[in-house]
Each structure stands twice: as structure tokens, then as C-alpha cells.
Amino acid sequence: MKKSADFLLEAKRDSRKIACLTAYDYPTARLLDGEDLDILLVGDSLGMVVLGHPDTTSVRMDDMLHHTRAVARGVAQAWIVSDLPAGSCPSPEAAAENSARLIEAGADAVKIEGGRECLRMIEAIRGAGIQVVGHLGMLPQRVVEEGGYRIKGRSDSEAERMMDDAKALENAGVAAIVLELVYPPVTEQLTSMLRIPTIGIGSGPACDGQILVIHDVIGLFPWFRPKFATARADVAGEIRRAAAEFVQATRSGGKGKPL
Ligand code: KIV
């Protein structure tokens, strides 16, 4: 049965950890949906791992809509969250309109990066009856301004700001908050302070759930994998092996293994 947003508070209440992965296409979404994932995120990380850009900043609404539609075709039970990409929320009206387009494409909720500066956008999206997931800590859409990826919340002032942002997002009605590269003691404080679940990526074990980029988990992006992600398969190696075998079989003129 298709999940509704209620499962998030129920999972937190029952201390059942929420398992989330990204998905960007139909076969991957369908395979992951069959393995009982709670959330499939159509992340704007697709800019890097699918489209070959250096970061997420050049991903546009059309990319998100295209991949959200593909994922939605493969999902029967998981909650689908789609990222609002960089530049898609210049005003509260635009935020609500672009969120509605992602929902129309098959998402169950949208994710927006940022703290109190996003409150007017979040209120407009919630006002349109759309579920929202927040995103605090390292914000990949601001990686260029920030000059790289680094752990957030080590200093008292940064930790305090994040706590205030998290409270404001919860009060504005977000359903959960992704914590990316948050200093683990701060993750722990945020998770016990909030009523809604925290979903961590590179933020330690204390979160109510964990999310990773699927390519990192299955070894499909061999050129880079963050330190916090364990590769549990070597799909890149299998692709290379199968392709080399096919090239060999073709060039041998049909001798050996059949094509
Ligand atoms: O775009 C993405 O994949 C994300 C995750 C890293 C949380 O936002």
C-alpha cells in the first residue's frame, strides 16, 4: 500500500528507523520499492551522478520533472520526495507552483534546502496542501558560495543557528528534516529536540533515519564516493566486465559465449 506522510511520525514514535535512498529512473525505483524502502528521494544529486555536472547547481525544474515521472512509474509503496532545485523558489508563489508541478509529476512531497530564510516559501507550499521535507546542515545548492563540502555545527554559534532553524521549520509544518554533514553531537540534540523525524546523511547514527545516494551504495559512480557511504556492490565493475565480454564476443565473430 502507498505510504502517506503519517508513517513519519509513527516511525519516530515507535523508534523504527526510516530507510531512504535516492532514485532517478524507473528500473532502480522499481527494484528499491520492492525492498521496502520508506522514502525514495529524486534528489538533485542527479546533476552529478546521472547528468555528469560537477555539482547540483545547474539542475533545473525540467530535469526534476523528467526524473520524478520516471521514478513514479516504478513505485507502488514508497513515499516519493522530489527536490526543488536551485533557482526554483525565487518567491513564495513560484515555490508553491513548482512544488505543485512536482506533485503532478508523481512526487508525494518536495524537499527544500535551507533554514529560516525559506519560511515564506515553506508556508506557501504547505498552504497549497503539499508536504515538505526540510534540509539543514551542508546545503549542496550553496556549495559554490561555501567553497566546498564541510561538516556543519562544530561551533556553538553554528549549532545554535541550526537548532533555531530546525524549530522554525518544524513549526512551519515540515514533515521531516534531512541533516547533511551535521556534527554528530548536534544531530543527537536535534533528533531528541524535534517531534518530526531527522534523516541523516553523513551526520552520524543518532538520526531517526538514514539516506544515501544510490550510486554510492551500489558502486555505480567509481570516480567519487563520500567517506561516510559504504559501497555494498560493485555495479560499475559488473558493467565493465559485461561490456568487455560483449566486445570480445563480437570481435571473435561469434566464437565462445553466444551474443
Ligand atoms: O540530492 C540529494 O541526493 C540529496 C541527498 C544527499 C539528501 O539531497
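This is a predicted model, so every value here is computed, not measured. Indexing begins at 1, ligand by ligand and atom by atom, following the structure's order.
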Proximity to ligand 1 by part of His135, non-hydrogen separation under 4.0 Å: side chain
Tell me if a side-chain donor or acceptor on Glu93 pairs with a main-chain N or O of Ser91 at a distance below 3.5 Å. no
Asp44-ligand 1 polar pair, N/O distance under 3.5 Å: yes
Ligand 1 to Lys111, heavy atom cutoff 4.0 Å, flagged ligand atoms 4 (C), 8 (O)
Pair Asp44-Gln141, side-chain donor/acceptor within less than 3.5 Å: yes
Under 3.5 Å, is there a donor on one side chain and an acceptor on the other for Gln210 and Lys17? no
Option set Leu212, Leu41, Leu139, criterion heavy-atom distance to atom 5 (C) of ligand 1, minimum: Leu41
side-chain contact (heavy atoms from CB on, under 4.5 Å) test vs Asp165 passes for just one of Ile177, Leu136, Leu190, Leu119, namely Leu136
Indicate yes or no: at least one non-hydrogen side-chain atom of Ile196 is less than 4.5 angstrom from one of Asp208. no
Using a strict cut-off of 4.0 Å, indicate which atoms of ligand 1 neighbour a heavy atom of Thr22. 3 (O)
Can you list the ligand 1 atoms lying under 4.0 Å from a non-hydrogen atom of Ile201? 6 (C)
Should you measure from each heavy atom of Asp83, which atoms of ligand 1 turn up under 4.0 Å away? 1 (O), 2 (C), 8 (O)
Between Ser203 and Tyr183, is there a side-chain donor-acceptor contact under 3.5 Å, judged purely by atom types and distance? no
Kindly indicate whether the side chain of Val42, heavy atoms from C-beta on, has any atom under 4.5 Å from the side chain of Thr22. no
Contacting atoms of ligand 1, where contact means under 4.0 angstrom from a heavy atom of Ser45: 1 (O), 2 (C), 3 (O)
Please identify which atoms of ligand 1 are closer than 4.0 Å to at least one heavy atom of Gly43. 1 (O), 2 (C), 3 (O)
